[in-house]
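Worksheet: the structure to be examined is printed underneath.
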2 protein chains.
Amino acid sequence: MKVLSNASIYGLRALIYVASQKNEKEYVSIREMSESMDISFHFLTKILQTLTKNGILYSSRGPHGGVALTRPPGQVFMVEIVKILEGEDYFDTCFLGHPDCGIAAPCPMHDFWINVKSVFLDRFEKTSLEELSAKIKEGKLRL
Amino acid sequence: MKVLSNASIYGLRALIYVASQKNEKEYVSIREMSESMDISFHFLTKILQTLTKNGILYSSRGPHGGVALTRPPGQVFMVEIVKILEGEDYFDTCFLGHPDCGIAAPCPMHDFWINVKSVFLDRFEKTSLEELSAKIKEGKLRL
DNA sequence: TTGGTTTAAGACAATTTAGTCCCAAAAGAA
DNA sequence: TTCTTTTGGGACTAAATTGTCTTAAACCAA
């Protein structure tokens, strides 16, 4: 079971990586991240570019260049990242794929799916990069 | 957000279609289903073939041929269909894609994901084709 | 200013998923 | 038997996702 594309997963992991850095102001090298997390450098670069375009990251070229968060990790929430990388309509889906599933004509899984989606939305809205990176810093979790 | 491939969705919908038939013993034509549900006939045929190979359906060729359930709809549960069409390891995934995410080295979403997956598993284990088709028969739901 | 380093941008290739097509095989009917 | 209908099986195509590569642009330091 998978709810995020690889692009979103890599993007999230990279953001957590950046968020768990000691010095919040310093740029983190994409090359360093790609090697440390064993993600294709070029692919990761492309994903981080869209996060930069969408105002989540600053970026700088040249020596000591890389990316950095535009906001403190505690103010960046999963839901925003997911919507940028998966699309604004991420939560507007039907379990069985009907384009217009709703109260008027619900599919057999409608009630269950509405519930599940609200659990995801709630969690994504409440989870910040700070929370995600906190235990990484303590070495209790892995990226 | 999507948790099932199109193949699984089409397979499930077709099974619900078969299950909501008046006469349980009669074969249901794949052509009829594909047209009624607006699914590619050849694609649906392929999907139903794997369900036939896996003992979920009987099939018969020629006039009045088609597919029929091998068991009463009340004895066929979603979890079985999903595992056939998505793979046995459907519930053995990490939210962030780590192949060996576990208690020893959990990812930052591990606890949440374990919970969500158990909700899905529980629901899939308890939901039969009979339940899914019940309200279709009454015309209260759509396929 | 020159050269090395690093992200930006976009073309390109590989893989996976989705869907199409053709013909064979089985079943029923004339 | 022979013809028609319908599923079986596999090759093929299309689209989306994933990943690679090349070149340009920006930045830094010597």
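Here is the naming used below: chain letters follow the sequence lines, and residue numbers restart at 1 for every chain. Predicted model, so just to flag it, every value in this text is computed and none were measured. Values below: all heavy atoms of this structure, side chains included; hydrogens, waters and symmetry mates excluded.
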Between CD1 of B/I30 and P of C/dA26 the distance, given in whole Å, is 16 Å
Output for pair (A/M33 CE, A/I16 CD1), nearest 0.5 Å, gives 12.0 Å
Using only atom types and a distance under 3.5 Å, with no angle test, would you say the side chain of B/S34 pairs donor to acceptor with the backbone of B/R31?
yes
_Under a 3.5 Å cutoff, is there a donor and acceptor pairing between the side chains of B/S5 and B/E86?_
yes
By the 4.0 Å heavy-atom rule, please label B/Y27 as base, sugar-phosphate, or nothing. nothing
Interatomic distance, CD1@B/I81 vs CD1@B/I56, rounded to 0.5 Å, equals 4.0 Å
Item to complete: Give a yes or no answer on whether the side chain of A/N23 reaches the backbone of A/K25 with a donor-acceptor pair at less than 3.5 Å.
Response: yes
Classify the side chain of B/K46 versus the base of C/dG19 as yes if they form a donor-acceptor pair under 3.5 Å and no if they do not.
yes
When rounded to whole Å, the CD to C1' distance for the pair A/Q49 and C/dA8 reads 5 Å
**Asked** Does the pair A/E131/A/R123 count as a salt bridge with the N-to-O cut at 4.0 Å?
**Response** yes
Per nearest nucleotide of DNA chain D, the residue lying toward the 5' end, A/N6 or A/H64, is A/N6
To the nearest angstrom, the CD1-C1' distance between A/I47 and C/dT7 comes to 15 Å
To the nearest angstrom, the CZ-P distance between A/R31 and C/dA8 comes to 14 Å
Exercise for the section: Would you mind classifying the nucleic acid contact of B/Y10 as base, sugar-phosphate or nothing, using non-hydrogen atoms under 4.0 angstrom? Expected result: sugar-phosphate
By side-chain hydrogen bond (donor to acceptor under 3.5 Å, both in side chains), B/N115 pairs with (sequence neighbours left out) none
A/N54 atom CG is separated from C/dA8 atom C1', nearest whole Å, by 15 Å
Please state whether the phosphate of C/dT20, meaning OP1 or OP2, lies under 4.0 angstrom from any side-chain nitrogen or oxygen of B/S40. yes
Ranking A/K2 and A/S60 by the position along DNA chain D of their nearest nucleotide, the one closer to 5' is A/K2
Between CZ of A/R61 and C1' of C/dG4 the distance, given in whole Å, is 15 Å
Contacted region of DNA chain D by chain B, from 5' end to 3' end of the hits, cut-off under 4.0 Å to heavy atoms, spans D/dT5 to D/dA11
B/L85 atom CG is separated from C/dA18 atom P, nearest whole Å, by 11 Å
The residue, A/H42 or A/G62, whose nearest nucleotide of DNA chain C is more 5′ is A/G62
From CZ of A/F43 across to C1' of C/dA13 the rounded distance in Å is 14 Å
